[in-house]
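Working notes for the structure below.
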Amino acid sequence: MTFFADAQEFLPALLGGLRVSLLLTLLSLLFGLPLATVLAFGIRSHNPVLHWLSVAFVEVGRGAPALVVLQFMYFGLPTAGLTLSAMASATLALTWTTGAYCAEYLRGGLSGVPQGEIEGAEALGMTWGDTLRYIVIPQGWRIALPSLMGFAVILFQTTSLAYTVTVPELMSQAYSIGSSTFKYLTVFVLAGILYAMISIPATWLSVLVEKRLNKHL
Amino acid sequence: MVRVRDLSKAFGGNPVLEGVDLTVLEGTVTALIGPSGAGKSTLLRCMNLLERPDAGEIEIGSHRIDARSRFSKRQLYALRRETGMVFQHFNLFPHMSVMRNVVLPQQRILGRSKAEAEHRAQELLARMGLADKGGQYPNKCSGGQQQRIAIARALALEPRVMLFDEPTSALDPEVGAEVLEVMKELAAEGMTMIVVTHEMGFARNVCEDLVVMADGGIIEQGDPQRIMGDPSHPRTRSFLHAVLQR
């Protein structure tokens, strides 16, 4: 049973990598979701400058593969005089991707709030600010949340691209163990299991949350 | 008093209201009837500026807005504060409990404390026969209950006039009757009400004033019993004939 013996030997390094992968996911969501909120409102804005700036930001973020953005931040920016650490440039790149994709989900959610409820609030005499705060945003978030959670799972898997810019995440740990022991099969099976152990329950969780949220709708 | 003067509104070049004048006295109930497309709902929605009229004046209590001139947000909210509106599809907030639906607007718009707002909400819900529904969510309530919640939500803000936009059109006749009963009580208490409706019984028996609209204007106005008994305008006659035949 050399697989289990190897697994036991590789696991600490792989778990260390997993921790970095999760950290990168969390940081990207932490910065990316507020950015997405701003962009979603930017796209809806009647101000043409704000509108087109947001559209451009979102379209580039969704149009360019995450790998390209990542390489641009790490290898491209130093040429322009800005050098970031591997972790910082990966966070920046994935924040952009997160902001761009989630802006679209949020925008969809916000425009999915029934017009009648907005009119209900307006007819009561609520200010536009209050209508956004109490009616549109809470409900828009609810509508968008399943897509956002689905995106978070994909983002977690996308962090594996960060191995190309030397971030010591799970994929890069697996790769370095593989290249020093030549036990690629074992180590990538293990890495795959670790990714799945997070991704699959997270997907279940998102289905559960969706059901709970729809209870009152 | 509610007064609308020379009100006009077009949607994309299509005139919906053309120079409408209407005065509703304090404490009276006015029914707006007429064929669909006559502009009844649009007239009602112009009164609280859910629709912005192209021209004309709206006066409710001491607040007056001229559609042609600029008005501030403050003036807009002040006018809306004088009105409460009840919609065909209730338009409750589905993510809030029934209690919070009635409490939150009081807190945000009147600045009432939570305790005060809850007290008032409970009082109104009880009056609507919904004393035990506060903790429920709107989608757990029947259509008739939801509409009565919507009425309580609007009344909690102590409006000067209540605007009803086909409040029973989405309900079964039986359930609609519960809502009409509540509206009748409100009328008896002296609430000023303007009601867009197809309920001819309500228009005849509860309303003091009947306004018949067709093609973006008012074609006839007066005592409901008289108009229904002896309409003077041919459009009114054919409309009433069609409705009462059903």
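Naming: A, B, ... by sequence-line order, numbering from 1 per chain. No experiment lies behind these values; they were computed from the predicted model shown.
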Of the listed L104(B), T83(B), N48(B), the one with the largest count of heavy-atom pairs under 4.5 Å with chain A is L104(B)
Tell me the closest heavy-atom pair linking P138(B) and V98(B), and the distance in Å. N-CG2, 4.3 Å
Under a 3.5 Å cutoff, is there a donor and acceptor pairing between the side chains of R108(B) and Y134(A)? yes
Answer with side chain, backbone, both or neither: which region of R153(B) has an atom nearer than 4.5 Å to a non-hydrogen atom of chain A? both
Less than 3.5 Å apart, any donor N or O on the side chain of E199(B) or T168(B) sitting next to an acceptor on the other? yes
Could you tell me the separation between the CG atom of L76(B) and the CZ atom of R81(B), rounded to the nearest 0.5 Å? 12.0 Å
For K73(B), is it the side chain, the backbone, both, or neither that has a heavy atom closer than 4.5 Å to a heavy atom of chain A? neither
S199(A)-Q157(A) side chain donor-acceptor pair, cut-off 3.5 Å: yes
With only heavy atoms counted, which part of L92(B) is less than 4.5 Å from chain A, the side chain, the backbone, both or neither? backbone
What part of R74(B) gets within 4.5 angstrom of chain A, counting heavy atoms only: side chain, backbone, both, or neither? neither
